[in-house]
Structure formats: C-alpha cells, structure tokens
Amino acid sequence: MAKNVLTVGAIQSNNYLVASFSSRGPVKDGRIKPEIMSSGVNVQSTYPYNSYGNGVGTSMACPGVTGSLALLYERYRQLHAGSDPKGALIKAIACNTAEDLGNPGPDYSYGFGLINARRGVEAIDSARYIISS
C-alpha cells in the first residue's frame with residue numbers, strides 16, 4: 001500500500017473478471033489500489049527441473065506488467081537519447097493508457113484497468129504527456 005508504487009491486481013484472462021484472490025481497495029486514505037491489472041490465472045510459467053506449468057496469483061500477473069513497463073522504458077530511451085524517464089511518468093502512462101474494466105473510470109476493484117503496452121508506446125511516440133508542469 002505504499003504511496004509511490006504500482007500495485008498489480010490479477011484478472012482471469014478468459015473473462016476479464018477480478019480473480020478471487022486479488023486484493024481490492026481502497027486503502028485507508030482513499031487511494032485506488034490496485035492501479036493496474038494483468039492476467040493472473042492459469043499463466044504458463046517455468047517450474048523446477050526445466051519444466052513448465054500453469055500458475056495463479058498476483059505473482060503471476062506482475063511479470064507481465066513488469067515486461068510491459070520495460071518496453072515503455074525502452075521506447076522512451078530510444079526517443080530521448082538514452083535518458084531514463086521518471087518512474088512517475090511511466091506509472092502515469094501505464095495507468096492512463098490501460099483498458100478500462102469494471103465500472104467506468106478508475107475503481108477499487110480494477111484500478112485503471114488492464115495494462116495495454118501498445119497504447120502506452122503510442123502515448124510515448126506521440127508525446128501525449130507533460131513533465132514538470
């Protein structure tokens with residue numbers, strides 16, 4: 001529930017419903033948590049002894065979000081001579097380009113919605129953001 005982190009919730013990829021084990025907000029001071037959602041049910045992953053299997057949990061949703069954020073960082077660096085964006089910018093882009101799920105607008109179950117890396121990259125490409133304003 002830290003203030004400046006990106007909290008990830010899990011959805012079922014077949015019907016986009018919040019997974020039963022995924023936490024919901026709000027936090028005590030009213031902030032929205034989780035902020036972003038990703039598939040966290042029956043996600044294929046590596047297992048011990050060079051094998052694969054399906055896992056469930058927000059710990060299965062987080063790697064997909066992390067990979068998407070890495071792509072946003074990479075694209076920003078490509079367009080800005082290798083300079084790093086502020087974490088708050090990437091968080092804002094991820095939240096504001098997410099696919100809205102649940103109630104219209106941000107809510108305490110789905111946050112801002114399902115992460116959408118393509119929309120995020122498009123926002124970076126078209127400079128649809130303001131820094132230090």
Side-chain angles (χ1 to χ4, degrees):
M1 293 191 313
K3 182 178 178 187
N4 294 319
V5 299
L6 182 67
T7 306
V8 177
I11 60 167
Q12 301 175 47
S13 58
N14 62 336
N15 59 15
Y16 297 101
L17 294 176
V18 177
S20 61
F21 52 80
S22 190
S23 296
R24 292 160 175 81
V27 295
K28 285 186 178 184
D29 64 6
R31 284 177 290 127
I32 293 174
K33 294 288 178 180
E35 286 97 356
I36 205 80
M37 304 299 281
S38 184
S39 180
V41 178
N42 294 325
V43 177
Q44 189 171 37
S45 184
T46 56
Y47 272 68
Y49 309 108
N50 298 318
S51 64
Y52 294 90
N54 289 335
V56 299
T58 53
S59 58
M60 299 306 293
C62 287
V65 171
T66 302
S68 296
L69 297 179
L71 293 172
L72 298 182
Y73 271 92
E74 179 182 26
R75 187 62 181 147
Y76 184 92
R77 289 175 182 144
Q78 290 171 342
L79 297 175
H80 295 91
S83 65
D84 289 330
K86 293 188 180 266
L89 174 62
I90 296 299
K91 179 180 178 179
I93 288 172
C95 290
N96 287 289
T97 59
E99 293 180 39
D100 191 23
L101 299 173
N103 295 325
D107 61 60
Y108 296 125
S109 293
Y110 291 92
F112 290 85
L114 177 64
I115 191 156
N116 187 322
R118 175 178 283 181
R119 284 187 193 170
V121 167
E122 289 170 354
I124 292 170
D125 282 347
S126 61
R128 291 192 322 250
Y129 55 87
I130 299 171
I131 300 174
S132 300
S133 174

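Remember, it's a predicted structure, so these values are computed and weren't measured experimentally. Start at 1 with the first residue, then count along the sequence.
Across all their heavy atoms, S13 and S39 have their closest contact at CB-OG, 3.3 Å. Counting all heavy atoms, side chain and backbone alike, I115 lies closest to S68 at CD1-CB, 3.7 Å. Taking each heavy atom of S38 and L114 in turn, the nearest pair found is CA-CD1, 3.9 Å. Shown here for A117 and L72, the closest heavy-atom pair between the two residues is O-CD2, 3.9 Å. Residue I32 comes nearest to P106 through the heavy atom pair CD1-CB, 3.4 Å, listed as atom of the first residue, atom of the second, then distance. In this structure, Q12 and V18 approach most closely via the heavy-atom pair NE2-O, 4.0 Å.
With values rounded to the nearest 0.5 angstrom, L17 atom CG is found 12.0 Å from S22 atom OG. With rounding to the nearest 0.5 angstrom, the CE atom of M37 is 7.5 Å from the CG atom of L101. Rounding to the nearest 0.5 Å places CG of N96 at 11.0 Å from CZ of R119.
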(Q) Please evaluate residues V8 and T66 with respect to the criterion side-chain contact (heavy atoms from CB on, under 4.5 Å), reporting the C-alpha separation (whole Å), side-chain torsions for both, the decisive distance (0.1 Å), and the verdict. (A) CA-CA 10 Å; V8 177; T66 302; over 6 Å; no
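Residue pairs meeting the salt bridge (charged side-chain N to carboxylate O under 4.0 Å, His left out) criterion with at least one partner in residues 34-58, sequence neighbours excluded, are K33-E35, E35-K91. Listed by first and then second residue, the ring-ring contact (aromatic ring centres under 6.0 Å, His included) pairs involving residues 86-127 amount to none (not counting sequence neighbours). Applying the salt bridge (charged side-chain N to carboxylate O under 4.0 Å, His left out) test to residues at least two apart or on different chains, the pairs with a partner in residues 61-75 are R75-D125.
Here the side chains of T7 and V5 are in contact, with some heavy-atom distance below 4.5 Å. Contact check for L6 versus C95: side-chain heavy atoms found under the 4.5 Å cut-off.
One hydrophobic cluster holds both I124 and I131 under the rule that ILVMFWY side chains link at heavy-atom gaps under 4.5 Å. Under the 4.5 Å side-chain heavy-atom criterion for ILVMFWY residues, a single connected hydrophobic cluster contains both I36 and I93.
Legend: residues meeting ring-ring contact (aromatic ring centres under 6.0 Å, His included) with Y76, ordered by chain and number and at least two apart, are H80. Remark: R31 pairs with D29 by the side-chain hydrogen bond (donor to acceptor under 3.5 Å, both in side chains) rule, at least two apart or across chains.
Distance alone, capped at 3.5 Å, is enough to place a donor-acceptor pair between the Y47 side chain and the N54 backbone. Side chain of D100 to main chain of G113: no donor-acceptor pair is present (N/O by atom type, distance under 3.5 Å, no hydrogens or angles).
Apart from V56 itself, the hydrophobic cluster it occupies contains F21, V41, where clustering links Ile, Leu, Val, Met, Phe, Trp and Tyr at side-chain heavy-atom distances under 4.5 Å.
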